[in-house]
Chemist: 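Below is one structure. I have some questions about it.
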Amino acid sequence: MNLGTSAPSERCLSKRWRSYAVLIVLLSAIVAAAIFGQARADRLIGTDERAEQVIQELRPGYRRWFVPWFVPSRSTERVLFGLQASLGVALITYAIVSYRRFNARRQRHASSD
Amino acid sequence: MHIMEGVLPATHALGWTLASLPPIAFGLRRMRQQFRERPESRLVLGASAGFTFVLSALKLPSIAGSSSHPTGIGLGALLLGPAIMSVLGMVVLLFQALLLAHGGITTLGANVFAMAIVGSYVANGVYRAGVLMHLPFALCVFAAAALSDLATYSVTALQLAWAFPDPRSGTYGAALKFLGLFGISQIPLALLEGALTVVVMNLLRNHAFDLVARLMPAFRSSPR
């Protein structure tokens, strides 16, 4: 679209869509980072595991009194974290789309009044 | 980082759960009231929950040679208020505890207290203090999100130090050890979280000003 010759409302719409597109691309990149970047993070020890090491230094032989019934493997964990990030992106996208509809409805009501 | 399942002694786990109940109950009440008075705030709630889900899923390598993740609490605490964000934070922690074995059910109370409650109230308090001092809007948002993240990890360190005092230097010595451990890994992530929150808040400011200003009274009067 030639922004120089388009109407102001069209330019505004285009600018708005660009912002949404930037946000969605940014969030998608974050999801990709959550899935693929985690492969690198997996090679490192998590801060929670580091904390457990410090607890062992402070109280040698201390054992957790309860262990979770389900502990995902590294690869399953990566997929689950990716799913969590995807769920987040879906919620944000839903909120943006719903807000645009809500706004359009409000503007229609305002112009008909 | 959340405190792992079964790590805290049972009395501490129970104590933190009891301490978290009143703010969560208050948050649920505020949420019902907000939905009744401003139904459109459901959209902001969805977006804030999404932001928290995305950011807390980002397990990133840190300079300390370990990995950790941001909390994503700051944005929702500014938009919806700390009481409602406490409830939302609890939902995220419950999801992670049940499905990812990250955190835990026995330590949910302690993690909710540190991340959802303290994180939310610190974000809101820092933002309001920044507005009162007439600091630039972006700086207020950045400081609120970054300090909320750091406050979460500081409280987690103190919770662990209280449960596992150093045999020689006591709780104080253990606190220094845990704070040192989390501080190095979390400061860069807190800065990243602050920057991301500013980007999202600026988008909201440009495209949904009226909606956000209705929910967040300090937003309209905040310095540009």
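All values derive from a computational prediction rather than experimental measurement.
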Chemist: What residue in B/Pro165, B/Ala47, B/Ala13 has the most heavy-atom pairs under 4.5 Å with chain A?
Modeler: B/Ala47
Chemist: Just give me the residue among B/Leu8, B/Leu43, B/Leu45 that pairs up with chain A most often, heavy atom to heavy atom, under 4.5 Å.
Modeler: B/Leu43
Chemist: Less than 4.5 Å apart, side chain to side chain, heavy atoms only: is that true for B/Gln33 and B/Arg30?
Modeler: yes
Chemist: Taking all non-hydrogen atoms of both residues into account, name the closest pair between B/Ala145 and B/Gly194 and its distance.
Modeler: CB-CA, 3.9 Å
Chemist: Tell me whether the centres of the aromatic rings in A/Tyr62 and B/Phe164 are closer together than 6.0 Å.
Modeler: yes
Chemist: When you check the side-chain N and O atoms of A/Asn103 and A/Arg106, is any donor under 3.5 Å from an acceptor?
Modeler: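 Yes, side-chain donor-acceptor contact under 3.5 Å.
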Chemist: Looking at chain A, which one of B/Ala174, B/Pro167, B/Pro9 has the largest number of heavy-atom pairs inside 4.5 Å, strictly under?
Modeler: B/Pro9
Chemist: Give, as side chain, backbone, both or neither, the part of B/Ile105 having an atom under 4.5 angstrom from any heavy atom of chain A.
Modeler: neither
Chemist: Counting heavy-atom pairs under 4.5 Å with chain A, which one of B/Ala49, B/Gly72, B/Ser56 comes out on top?
Modeler: B/Ser56
Chemist: For A/Ser73 and A/Thr76, which heavy atoms make the closest approach, and how far apart are they?
Modeler: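 In terms of heavy atoms, the two residues are closest at OG-OG1, 2.7 Å.
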Chemist: Determine the option with the most heavy-atom pairs under 4.5 angstrom with chain A, choosing from B/Gly104, B/Gly173, B/Ala10.
Modeler: B/Ala10
